[in-house]
*Asks:* 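Input: one structure, supplied below.
Note on naming: letters A, B, ... go to the chains in the order of the sequence lines (proteins, then strands), and numbering restarts at 1 for each one.
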Amino acid sequence: MLQTSYIRENRDRVIERLAVRGINAAEMIDKVIALDEKRRATQTELDSTLGEANQMAREIGDLYKQGKAQEANAAKEKAGELKQKSGALQEEMAETQNALNELLYHLPNLPHESVPTGKSDTDNEVVSEHGSKPDFGFEPLPHWELVKKYNLIDFELGAKITGAGFPVYIGKGAQLQRALINFFLNEAREAGYTEFIPPFVVNAASGFGTGQLPDKEGQMYHMQLDDLYMIPTAEVPLTNIFRDVILNENELPQKLTAYSPCFRREAGSYGKDVKGLNRLHQFDKVEIVQVVDPEKSYEVLDTMVAHAAGLLDKLGLHYRVLRLCGGDLGFTSALTYDFEVWSGGQDRWLEVSSVSNFETFQANRLKLRYRKGNEKPQLAHTLNGSALALPRIVAALLENYQTENGIAIPEVLHKYTGFESISLND
RNA sequence: GGAGAGAUGGCAGAGUGGUCGAUUGCGGUGGUCUUGAAAACCAUUGAGGGUUAAACCUCCGGGGGUUCGAAUCCCUCUCUCUCCGCCA
């Protein structure tokens with residue numbers, strides 16, 4: 001959530017930045033400023049009315065003590081009037097505040113200076129490309145055929161048990177999954193992140209804190225009986241650890257990591273992109289999160305990008321890094337780098353990681369602050385990234401490491417899998 | 001699921017209608033003393049809004065109510081603890 005004080009003082013810049021997302025926000029911003037002004041004026045009036053009422057109440061107390069009941073009763077009448085007035089003002093305040101919040105909740109974060117203007121993913125900027133496309137010397141299979149051939153994942157079985165998008169991992173397919181999770185977690189730990197196992201279900205306040213609510217309500221599974229949401233990413237419980245927290249300067253940076261299954265309704269998705277592991281309702285992911293000093297957040301973003309890149313390097317995958325354009329940038333993000341791996345069996349790029357700096361956008365909703373020396377607490381910056389999301393990594397590994405009668409496992413995973421290849425004889 | 005108790009400032013813990021934003025202790029910060037440190041002593045120490053600065057306003061788990069006035073009374077929700085039942 002953007003800060004009203006910032007909007008008030010930087011009207012033109014806010015409008016100009018939001019234009020990078022393709023949003024013409026001038027009208028909305030002016031409305032915000034007007035409502036904010038009204039809110040503050042009402043607040044001032046309410047404050048002085050309450051002040052008078054408090055004063056009056058004290059005087060009545062004194063009068064009673066002095067035994068002047070008659071005068072006290074007269075004063076009570078006037079106090080009643082003040083009460084009525086403050087009640088009306090309070091109502092007006094609440095209305096104004098609600099109207100203001102409604103607007104603020106739907107304003108996305110301001111894109112960073114380096115974010116390219118653009119409408120869709122075709123306008124994203126390719127920052128770098130690493131490795132090269134595999135040369136098979138035969139016709140490579142897409143992963144959904146490989147997993148069938150080697151009995152690694154059963155999509156139909158998952159559909160029977162639950163529904164489409166809930167695959168069942170079997171044998172070496174399941175082991176590979178677990179190996180990747182351990183590999184990613186260990187790498188994160190070595191990079192200084194503390195491992196957590198958070199709840200995989202969160203309340204509405206947490207969904208709101210990281211910005212999934214109210215903007216993306218329809219994308220989360222909602223358990224109505226208990227009013228809880230299944231997490232779409234570990235970012236939600238991890239970042240909400242810091243909701244309503246004031247950290248000391250020396251407690252920064254906070255570096256956390258967690259594995260979690262992720263649940264997404266993916267309402268509105270269809271077509272060939274959803275085939276196999278490309279898009280699922282339940283998938284596994286290791287997430288890294290940092291809470292940092294605002295002055296260092298872009299430096300930190302670079303280190304997180306380097307971390308994700310290092311994982312892909314070690315897995316020997318061909319990948320590229322993209323800087324998302326304004327139109328493709330997530331609601332809460334100021335700057336996002338996406339990682340895409342090459343899928344040799346599908347002949348296309350697959351997104352496997354997204355690393356973002358949210359600046360104060362989440363912190364403002366979370367009331368996540370830190371204190372520098374004796375200064376007033378100020379909002380911290382939050383960042384997070386996938387390191388990494390499993391299904392598309394698995395898809396790329398299977399496809400790119402396939403041979404005519406088996407699949408090789410990258411060496412770095414051997415100690416985690418306990419096997420070095422997958423073949424028909426397994 | 002049943003019965004009961006509780007939720008107060010970083011922590012512990014007073015406070016049952018009238019200067020209570022809140023006694024006190026611990027912790028933190030600054031100072032005195034000391035060669036230095038400890039101890040002792042003194043001062044200071046929640047958040048948000050507001051103001052040039054003050055004044056002033058809001059917040060004692062969340063929400064609502066009673067009252068001129070509520071941390072204190074009432075209703076409700078959430079959470080914690082104890083006992084019983086059930087169960088991994």
Side-chain angles (χ1 to χ4, degrees), chain A residues 1-9 32-101 104 197-209 213-214 222-229 237 240-252 254 291 360-380:
Chain A
M1 189 159 70
L2 298 175
Q3 294 166 267
T4 41
S5 56
Y6 185 86
I7 295 175
R8 195 195 312 148
E9 286 156 26
V32 167
I33 292 172
L35 279 169
D36 177 50
E37 206 135 309
K38 188 181 173 202
R39 201 214 86 230
R40 288 186 300 140
T42 312
Q43 174 91 69
T44 306
E45 201 185 345
L46 174 63
D47 281 359
S48 64
T49 307
L50 286 173
E52 272 183 73
N54 287 344
Q55 177 62 29
M56 197 59 110
R58 274 191 289 264
E59 281 170 23
I60 291 171
D62 287 340
L63 288 172
Y64 271 121
K65 270 186 199 158
Q66 293 162 25
K68 299 178 180 166
Q70 207 171 356
E71 287 177 46
N73 283 329
K76 269 195 197 181
E77 228 168 279
K78 197 176 165 206
E81 284 169 28
L82 284 173
K83 194 192 172 186
Q84 210 162 21
K85 186 179 171 192
S86 71
L89 284 168
Q90 233 144 21
E91 214 166 291
E92 198 179 327
M93 264 288 286
E95 270 172 36
T96 312
Q97 187 71 64
N98 286 342
L100 181 58
N101 286 344
L104 289 173
I197 301 180
F200 299 151
V201 168
V202 296
N203 55 33
S206 291
F208 179 81
L213 295 174
H222 183 203
M223 296 185 262
Q224 290 178 314
L225 202 54
D226 296 292
D227 195 22
L228 295 171
Y229 296 84
N240 272 282
I241 288 173
F242 300 100
R243 175 149 47 86
D244 294 317
V245 165
I246 300 177
L247 294 162
N248 282 321
E249 187 182 15
N250 60 19
E251 291 177 294
L252 298 178
Q254 290 282 327
V291 179
T360 59
F361 195 86
Q362 288 182 331
N364 191 30
R365 290 193 175 202
L366 292 162
K367 292 203 182 72
L368 162 50
R369 292 165 293 176
Y370 77 104
R371 195 194 313 270
K372 232 181 205 165
N374 281 334
E375 290 173 28
K376 279 204 158 195
Q378 60 172 304
L379 297 174

*Asks:* For Gln362(A) and Leu368(A): C-alpha separation, side-chain torsions, deciding distance, then whether side chain to side chain contact (heavy atoms under 4.5 Å, CB included) applies.
*Replies:* CA-CA 8 Å; Gln362(A) 288 182 331; Leu368(A) 162 50; over 6 Å; no

*Asks:* Return the value, rounded to whole Å, for the distance between atom CD of Gln97(A) and atom P of C57(B).
*Replies:* 20 Å

*Asks:* Mind calculating the distance between CE (Met93(A)) and P (G50(B)) to the nearest angstrom?
*Replies:* 11 Å

*Asks:* Does a nitrogen or oxygen in the side chain of Arg369(A) sit under 4.0 Å from OP1 or OP2 of A47(B)?
*Replies:* no

*Asks:* When the C1' atoms of U78(B) and G25(B) are considered, how many whole Å apart are they?
*Replies:* 31 Å

*Asks:* Just the rounded figure in Å: distance from C1' of U29(B) to CD of Glu249(A).
*Replies:* 15 Å

*Asks:* If you check the Ile60(A) side chain, which of C68(B), C57(B), G49(B) turns out closest?
*Replies:* C68(B)

*Asks:* Write down the distance separating the C1' atoms in G31(B) and G69(B), rounded off to the nearest Å.
*Replies:*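 Going atom to atom, C1' in each nucleotide, I get 41 Å.
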
*Asks:* For U52(B), what is the paired nucleotide under Watson-Crick or G-U wobble rules, both distances under 3.5 Å?
*Replies:* none

*Asks:* Shortest non-hydrogen contact from Leu379(A) to Tyr370(A)?
*Replies:*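 That would be O-CE2, 3.7 Å.
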
*Asks:* Going by purine N1 to pyrimidine N3 plus the second Watson-Crick contact, or the G-U wobble pair, all under 3.5 Å, which nucleotide sits opposite G30(B)?
*Replies:*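 WC or wobble partner is C42(B).
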
*Asks:* Whole Å only: how far is the NZ atom of Lys367(A) from the P atom of G62(B)?
*Replies:*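 Answer to the nearest Å: 12 Å.
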
*Asks:* Hunt down the Watson-Crick or G-U wobble partner of G21(B), both distances under 3.5 Å, from any strand shown, or write none.
*Replies:*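 Pair assignment: G21(B) / none.
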
*Asks:* Quote, to the nearest angstrom, the P distance that separates A40(B) from A54(B).
*Replies:* 35 Å

*Asks:* Find which nucleotide of RNA chain B each of Ser48(A) and Tyr64(A) is nearest to by heavy atoms, and output the residue with the more 5' nucleotide.
*Replies:* Tyr64(A)

*Asks:* Does Asn54(A) put a side-chain nitrogen or oxygen below 4.0 Å from OP1 or OP2 of U58(B)?
*Replies:* yes

*Asks:* Using the P atom as the point on both nucleotides, what is the distance between G10(B) and G64(B), in whole Å?
*Replies:* 24 Å

*Asks:* Work out which heavy atom in Ala380(A) is nearest to a heavy atom in Val291(A); give both atom names and the distance.
*Replies:* CB-CG1, 3.9 Å

*Asks:* Distance check, P atoms only: C83(B) and G18(B), in whole angstrom units.
*Replies:*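 Approximately 37 Å lies between the P atom of C83(B) and that of G18(B).
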
*Asks:* Nearest whole angstrom, please: distance from the P of G50(B) to the CG of Leu46(A).
*Replies:* 14 Å

*Asks:* What is the distance from CG of Asp244(A) to P of C59(B), rounded to the nearest Å?
*Replies:*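 Going from Asp244(A) (CG) to C59(B) (P), I get 17 Å.
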
*Asks:* Return the nucleotide paired to G1(B): Watson-Crick means purine N1 to pyrimidine N3 with N6-O4 or O6-N4, wobble means G-U with N1-O2 and O6-N3, both under 3.5 Å.
*Replies:*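 Checking every strand shown, G1(B) finds its partner in C84(B), with both distances under 3.5 Å.
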
*Asks:* Please figure out whether Lys76(A) or Asp47(A) has its closest RNA chain B nucleotide nearer the 5' end.
*Replies:*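 On the 5' side of the pair lies Asp47(A).
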
*Asks:* Mind checking the C1' distance from A22(B) to G17(B)? Whole angstroms is fine.
*Replies:* 15 Å

*Asks:* Please give, in whole Å, the distance from U66(B) P to Gln84(A) CD?
*Replies:* 13 Å

*Asks:* Consider side-chain contact (heavy atoms from CB on, under 4.5 Å). Of Leu100(A), Leu104(A), Asn101(A), Asn98(A), which one does Leu35(A) pass it with?
*Replies:* Leu100(A)

*Asks:* Which pair of non-hydrogen atoms, one from Arg365(A) and one from Gly209(A), has the smallest distance, and what is that distance?
*Replies:*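 In this case the closest contact between Arg365(A) and Gly209(A) is CB-O, 3.6 Å.
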
*Asks:* My understanding is that a pair needs two contacts under 3.5 Å, Watson-Crick or G-U wobble. By that rule, which nucleotide pairs with A71(B)?
*Replies:*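 Answer to the pairing question: none, since A71(B) forms no Watson-Crick or G-U pair.
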
*Asks:* Side-chain N or O of Arg371(A) versus OP1/OP2 of G46(B): is the shortest distance under 4.0 Å?
*Replies:*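 False: Arg371(A) side-chain N/O out of range (4.0 Å or more) of G46(B) OP1/OP2.
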
*Asks:* For atom C1', what is the distance between G15(B) and G4(B), given to the nearest Å?
*Replies:* 24 Å

*Asks:* Starting from C1' on G62(B), measure out to CZ on Phe208(A) and report it in whole angstrom.
*Replies:* 16 Å

*Asks:* Would you classify Ala57(A) as touching base, sugar-phosphate or nothing, given that sugar-phosphate means primed atoms plus P, OP1 and OP2, and contacts are heavy atoms under 4.0 Å?
*Replies:*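 The residue Ala57(A) makes base contact.
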
*Asks:* Got a sec: does the CD of Gln55(A) have more than 12 other heavy atoms crowding it under 6.0 Å?
*Replies:* yes

*Asks:* Counting side-chain heavy atoms from C-beta on, which of C68(B), G48(B), G49(B) comes nearest to Lys83(A)?
*Replies:*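 Side chain of Lys83(A) sits closest to C68(B).
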
*Asks:* Both distances below 3.5 Å, Watson-Crick or wobble geometry, any strand: find the nucleotide opposite C79(B).
*Replies:*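 Per the H-bond distance test, G6(B).
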
*Asks:* Step by step, would you call Leu82(A) with Thr49(A) a side chain to side chain contact (heavy atoms under 4.5 Å, CB included)?
*Replies:* CA-CA 7 Å; Leu82(A) 284 173; Thr49(A) 307; 4.2 Å; yes

*Asks:* Using the side-chain heavy atoms of Ile246(A), tell me which of these nucleotides is nearest: G49(B), U67(B), A47(B).
*Replies:*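 When the side chain of Ile246(A) is considered, A47(B) is the closest of G49(B), U67(B), A47(B).
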
*Asks:* With rounding to the closest Å, how many angstrom separate the P atoms on U72(B) and G85(B)?
*Replies:*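 One P to the other, the span is 37 Å.
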
